[in-house]
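Heads up: the structure comes next, in structure tokens.
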Amino acid sequence: MEENIILELLEVNQQLLDCIAAADWDTYEKLCDPGLTCFEPEAMGQLVTGMAFHQFYFQLGGATEPYNTTMASPNVRFMGDVAVISYVRLNQRVDLDGVPTTRAIEETRVWQMQEGAWKHVHCHRSLAQS
Ligand code: GLY
């Protein structure tokens with residue numbers, strides 16, 4: 001039972017990462033609580049609340065070259081209707097010179113079950129030291 005919920009959460013989190021890479025705003029908006037809070041490098045040390053900050057990046061368009069996004073060693077913890085997932089996100093992309101690159105980002109994302117669907121309510125992202 002718990003295993004199924006873990007798989008479901010990993011799937012929904014992967015869907016979130018994939019829609020970010022594809023700049024698919026409709027899916028991102030559907031998966032997130034409108035009051036999403038976030039610490040991430042782009043926010044320059046500030047806690048950002050709401051969706052507008054994130055929408056800015058979706059307006060720039062998605063990856064045009066082949067890409068892949070991996071959650072490395074994900075850990076999932078449930079606390080009632082809340083789940084916390086932590087992992088290192090590996091972004092495989094092609095840079096402007098056509099060279100394949102990989103970037104590692106430490107991520108913690110918090111999901112809450114709201115009316116039968118997982119909603120993303122908080123994330124904390126930081127660039128991993130190599
Ligand atoms: N910067 C948006 C997200 O990682 O959810």
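Just follow the structure's listing: the first ligand is 1, and inside any ligand the first atom is 1. Position 1 is the first residue of the sequence, and the numbers go up from there.
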Donor-acceptor list for residues 27-37 side chains, cut-off 3.5 Å, not counting sequence neighbours:
unit_1	atom_1	unit_2	atom_2	d
Thr27	OG1	Asp24	OD1	3.2
Thr27	OG1	Asp24	OD2	2.5
Glu29	OE1	Trp25	NE1	3.4
Asp33	OD1	Gly35	N	2.6
Asp33	OD2	Gln114	NE2	3.0
Thr37	OG1	Val121	O	3.3
Thr37	OG1	His122	ND1	2.7

Check your understanding: Say you draw a straight line from CG of Leu127 to CD1 of Ile105; how long is it, rounded to the nearest 0.5 Å?
Key -> 6.5 Å
Exercise for review: Not counting sequence neighbours, which residues clear side-chain hydrogen bond (donor to acceptor under 3.5 Å, both in side chains) with Thr49? List them please.
Suggested key: none
Exercise for review: Can you sort out the partners of Glu42 under salt bridge (charged side-chain N to carboxylate O under 4.0 Å, His left out), two or more places apart, ordered by chain and number?
Suggested key: Arg125
Review point. Has Glu11 got more than 12 heavy atoms of other residues, nucleotides or ligands less than 6.0 Å from its CD?
Key: no
Check your understanding: Which protein residues have a heavy atom under 4.0 Å from ligand 1?
Key -> Ile20, Tyr28, Glu40, His54, Arg109, Arg125
Review point. Is there a donor-acceptor contact under 3.5 Å linking the side chains of Asn75 and Arg77?
Key: no
